[in-house]
Each structure stands twice: as structure tokens, then as C-alpha cells.
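Below is one structure; the comments refer to it alone.
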Amino acid sequence: MFSGGPAPGGHNVVAGLYHALKELNPNNSLSGYLGGPQGLLDGKFIEITSSLVDDFFNLGGFHMLGSGRTKIETDEDFQKAMQVCNNHRLNALVFVGGDDTNTNAALLDEYLKKHGQHCVIIGVPKTIDGDLKSSEIEISFGFDTACKVYSEMIGNICFDAVSSRKYWHFIKLMGRKASHVTLECALQTHPNLTFISEEVEEKNESLSDIISTVADTVMKRAQDGKNYGVCLIPEGLIEFVPEFKSLITALNRVLAEGRSTEHLPSGQKELFDTLPDAIQCQLLQDRDPHGNVQVSKIETEKLVYEMVDQELKKRAFKGKFNPIAHFFGYEGRCSHPSLFDGVYCYNLGYVSAALIQNEKSGYMAGIKNLDQSVEKWQPIGVKISKMLIDEERKGKIKKVIEKAVVKLKDPAFEEFKKSRADWQIHDCYQSPGPIQFEGTKKAAITKTLALERAGQK
Ligand code: FBP
């Protein structure tokens, strides 16, 4: 079962799992639940055949089965899931998903054990956001490809900026709460400005600090005759700006209680009222089934440039400021997998089969030594319940897998910090070009993973 947003390589997980199961026993059969966890609860599935696997091998997207964000949450959901496991006589169930999905996997495993039911539950780490990782899970699949797709487009924009010399580009990048995607794309393309949400939070920077940084940079570059630039914004930025963080927490509570924004605590109500109508509506949109604000729907890139424009007017800036907003999100999630993700995912399918064979219920499939050649990769299983922490969701404390956000001591952040002042003023743009899908050498990995692995040695 796929779950959550698509990520490049998902179909190869199915292929690896199918081939491994057939190698273990030709009588094994594999079914795919349709449309994510809802398909499981409704008992809707298809039989996965060798020709289906061939048709979808190395193909982006999750459309072999579809996906969804239904949460298996209530006692009734768990009961239904258990019934399906029994009725369909499942020996095992593999959840291909992110932190919330793998949390669901751990809870279902616990529920089945408590009710004396036997079905091996396995998780596979998926998300382009790169925030499902630990000391053992080096990276979730999809991050590599998505960063390469976005970096190709950002590189093109950087070269356009320096060629046409008249636009400031504000690019919001997917990644939800974590800024790994933005950080990796910055390392690959060297834009003039990059905000990292986790740093903003750590330094307690307000929205007006962010706006001042951009306005200062626009003015400094204008002095050198550069009325252009590129600024990367992680989609979760708004949630990390302290005043917005408290506003969103308060909004979540008020909405969960079915009350209007009139009931926001004072201070937060005033901040909410100062926001443009569009941003207010975006902040009020339905939370996803896991209680997260849908940050992909908040146009932070526009909010930032509109406020920068106002700030420049206040400062009586005489130069030109022509901003253009972009959002790179959905374009990166269904690309064909990079060589790295293609091979990684196929092997994750094999590791899942090995965990099933060894009855390792409640484990996540993983592979270590991903920076080395495939022969040196090491299959592992990680107990999911060990990754769970308490977190507030929809106003209640829940057990969830901790999101691995960017830490300011991370090697990738340290590397970025060394160069960013230079990138801000000088044009150091890099354009990595399109993804290479084939090669005789080891697949190129992201700079984030290479730096992290080098730091561990
Ligand atoms: P997953 O965590 O499910 O892999 O999804 C990642 C993501 O692409 C985020 O980067 C983004 O904020 C979100 O999905 C968008 O959600 P939706 O697909 O519901 O619009």
C-alpha cells in the first residue's frame, strides 16, 4: 500500500518486493491496496502480476495503485484493518509512506499483537521531504530525485536571472516542516538568498527580520547594477517564524473546537487581521488528516515579495524590483526515479521481503552505506516503535515518528553557511542540468547525503 504524497521510485519498491517474494516461493502472491490506507479499510485491492510490475518499473508516480492520506486512527479503523488482514488472509502488509504512515504501521502492529492476530507489518521510508531519517535510516526514497528535478529548474532560473538581468525570483520549495529540500537545492545551485526555517526558528527571527534581509540584499545588489536575484523559500517557513508558529497553534486549537478566528487570543487575533485576505484563507484551509497545516497551499513566496516591495518603498529605494513567484512542488514528486532512487527502491522492496520472511513485524526496511557502491550496501530493519515520540496533533498529544528537521550542526547546513555570504552578492550560480538516469559509475547522490556520510566516518 502506498500512502501520502507520491515520491519517485515507489513502483520499484513494488517490483523489488514482487520479485523477492516470487524468488522465496513461486506460490507467494502480492496484492496492492487501491488509493492508500482508505483502500485497505475498504478492502479494495488488485492482484500484482509480473506484467503489471514490468509496465510500471522505473516509472514515476504512484498510479499503479494510487495513494491517499487517510489515517488509520480510531478503534473502528484498526478493527476494520484487522478484519481485512484476516479476510484476505494476509501474511504481511507493507506500508510505503512517510513519518505519519509509518506511525500508523507501528500502531497497527501493536493492535494486531494485542488481539493475538498474526500479520507481519513492515514500513518503507518514503517522502521527497527527506525528513524521515535517523542514525540508521540514511534517507527516505524520493528526496534524491525531487532535489535533482528542482535543482535543474532553479539552475535554469539562475541562468535566466543573470542573462536577462531584470527579475528577482522567489522560489518556494516543497518539504513541509523540514528545509532539507531547500538546503540541498541551495548547495546544488548557489542562489543569492536561501532561508532555512529551522535557522529562523533557532534565531527567533520575525517576519520583518526576513523582509529586512531580502530588502538589504536587493539594495546591495542594485548598487552593483544587479537588479536581479534568486531567493529560495522552504514551504514550511511560515510555521517557523515565531509569531506565526503561535498563531498556527492557536488556529489549530480554535478550528479543532469548531470556533471562529474571533476566539483567537489577543495578539494572535491582531496578527491574523493584518494578513492579506488570500493568506488568511490559506491559513484557514482544512488541515490534512494528520492535523498538519497544508503549507503547500500557503503562498509564502508572494507574501515575502509583497512585503519586500512595501519595505523598499518605505526605504525610498530608487532602483528596480521586478519580482516573480514560483512554487516547485508537484513537478518533483512524480518524476521518473533518478538512478540512485531507482536502485535504492528496488532494493528496499527486497529488504521488505527479507523482513517478512524473518517475521520482523513492526520494522522499517532500510539500507546502510548508501554513499558507497551497491555491493557495499547493507540491508537493515529498524524497529518503528523506537522512533515514536509524543507530539501535539489537533490539540491532543499523540505518538508520532519524530520529523528529522535540519539541525544547524548538520554537515549540509555547515557547508551552506560557509558560502552563503559570497553567493548573496556575487553571482556564483550553478546549474546541474537534467537528471542522468543511466551510467556506468556509481549513481550520484545528493550533497546532503554525501556530507552526512563523510561526517560519520
Ligand atoms: P509526504 O510526506 O506524504 O511524502 O508528502 C510530501 C509533500 O509533497 C509535502 O512536501 C507537501 O507539503 C505535501 O506533500 C503536499 O500534500 P498534498 O499532496 O496533500 O497536496
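Just so you know, ligand 1 is whichever comes first in the structure, and atom 1 is the first atom listed for that ligand.
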Of all protein heavy atoms, the one nearest atom 20 (O) of ligand 1 is Tyr330 OH, 2.6 Å
heavy-atom search around atom 10 (O) of ligand 1 in the protein gives Asp129 OD1, 2.6 Å
Handout entry: Test item, Gly5 contacting ligand 1 (heavy atom, 4.0 angstrom)
Key = yes
Quiz item: Are the aromatic ring centres of Phe78 and Tyr111 under 6.0 angstrom apart?
Solution: yes
Does the Asp341 side chain pair with the main chain of Gly142, one donor and one acceptor, at a distance under 3.5 Å? yes
Judged by heavy atoms only, the candidate from Lys126, Arg176, Lys297, Glu235 nearest atom 11 (C) of ligand 1 is Glu235
Counting from 1 in the order shown, the ligand 1 atoms closer than 4.0 Å to a non-hydrogen atom of Gly4 are 3 (O)
Logged contact type for Thr127 with ligand 1, heavy-atom cut-off 4.0 Å, is both
Examine distances only and state if a side-chain atom of Glu235 and a backbone atom of Arg176 form a donor-acceptor pair shorter than 3.5 Å.
yes
* To do: Determine the interplanar angle of the Phe327 and Tyr330 rings, folded into 0 to 90°, and report it as parallel if under 30°, tilted if 30 to 60°, perpendicular if over 60°.
  => perpendicular
_Please determine whether a side-chain nitrogen of the Lys or Arg among Lys398 and Glu73 lies less than 4.0 Å from a carboxylate oxygen of the Asp or Glu._
yes
Exactly one of Ile128, Thr182, Thr145, Thr189 clears side chain to side chain contact (heavy atoms under 4.5 Å, CB included) with Tyr150, and that residue is Ile128
Centroid-centroid distance, His11 to Phe57, less than 6.0 Å:
no
Nearest non-hydrogen protein atom to atom 17 (P) of ligand 1, with distance, is Arg69 NH2, 3.6 Å
Among Lys403, Arg333, Lys177, the residue with a heavy atom nearest to atom 7 (C) of ligand 1 is Arg333
The atoms of ligand 1 lying under 4.0 Å from a heavy atom of Gly175, numbered in the order shown, are 10 (O)
Discussion item. Ser3 versus ligand 1: do any nitrogen or oxygen atoms come within less than 3.5 Å of each other?
Written reply: no
